[in-house]
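Data first, discussion second: the structure below is written as structure tokens.
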Amino acid sequence: MGKKNRKPTSFIYKLFIYVALFALAISIIIPVAWVFMASLKQNSEFIGANVSPWALPKEFFFKNFVVAFRDANMGTFFLNSVIVTALALILLLVLALPASYALSRFNFRGKKILNMGFMAGLFVNISYIVIPIFLMLSEVDKALGMEFLLNNRFVLALVYASSALPFTVYLLSGYFQTLPKGFEEAAYIDGCGYFKTMVKIMIPMAKPSIITVILFNFLSFWNEYIIAYTLMDGNDTLAMGLKNLMAVEKTATNYGIMYAGLVIVMLPTLILYIAVQKRLTEGMTLGGLKG
């Protein structure tokens, strides 16, 4: 009797989950598909009493992307964002991987204090301290008598990496703790030192978790606006360029160009997610397993 009662309940629960996931997928896919569709329309297809916003483009008007790249300077903004994001990710991994490995696999003086510091950093929102950061950098520039730290892509990347360091160390440390110690012991017997063991053995084993970290932080760095707007003046990132483009084209009612700019921003994130989707799932599930 108990099994008969559980079956309908289990079916209803699964049905609810599937319906909720389907609704969530539709709520994400439809807006993204609509932006792609709108980016290929001519301006006349947006304006008019009999124009439907859901109508397909009469023809693929790729000139919107040409205008966005050339006239709105989105190509330069895109390059700046690629440089800043790549530098930030490299700096982040160079700092986070040794730190998380040491905190998770070794016992040493000050370990608890370092762990508490990284845990405290999880509760610090970089947006709240961006003004003090700007003031410190501007004071250094005044002392040097030149603009060196502000409007500097490397400094912006360093700020991004620093802001993401606590979360990244927390995530990687949890993953390193799940890896068996037998691999390290075998490496030590073969004559490997601590650094070589980390680089040759442990980091390759943590690849799924590293890919997860890269994807999450890529999305954060690529779409960031407040810090870039505060610290940069000239070397604008793609998020800053998109805001300027939307303000100009919305006033001029050039909606196709505006949506083309949105696609330029979204496309790299979609491509990256599709490319690492399987690895991302592994990184989020394997981290909870004990070796």
Side chains of S220 and N217: do they bring a donor and an acceptor to under 3.5 Å?
no
Q. So, do F106 and Y101 sit near enough that their side-chain heavy atoms are less than 4.5 Å apart?
A. yes
What I'd like to find out is whether the side chain of M240 reaches to under 4.5 Å of the side chain of F77, using heavy atoms alone.
no
Applying ring pair (Phe, Tyr, Trp, His ring centres under 6.0 Å) to F108 and not counting sequence neighbours gives none
Check: If you draw the axis of the six-membered ring of F46, does the NZ or CZ of K41 fall within 45° of it and under 6.0 Å from the ring centre?
Finding: yes
Above 12 or not: heavy atoms from other molecules or residues under 6.0 Å from [atom1] of [X]?
| X | atom1 | answer |
| --- | --- | --- |
| L267 | CG | yes |
| Y225 | OH | yes |
| I113 | CD1 | no |
| Y170 | OH | no |

With no hydrogens and no angle check, is any side-chain donor or acceptor of T85 less than 3.5 Å from a backbone partner on V82?
no
Subject >> Under 3.5 Å donor-acceptor, S27 side chain and L24 backbone >> reply: yes
| field | Pair Y188 + Y194: ring centers closer than 6.0 Å | value | yes
Check: Hey, do the aromatic rings of F78 and W222 have their centres closer than 6.0 Å?
Finding: yes
With side chain to side chain contact (heavy atoms under 4.5 Å, CB included) as the test, would you mind laying out the steps for I227 and Y160 before giving the verdict?
-> CA-CA 8 Å; I227 302 173; Y160 282 169; 4.0 Å; yes
Checklist entry - Could K58 and E45 be called an ion pair, given the rule that one side-chain N must be under 4.0 Å from one carboxylate O? => result no
- Can you get from L158 to I90 by hopping between Ile, Leu, Val, Met, Phe, Trp and Tyr side chains that sit under 4.5 Å apart? no
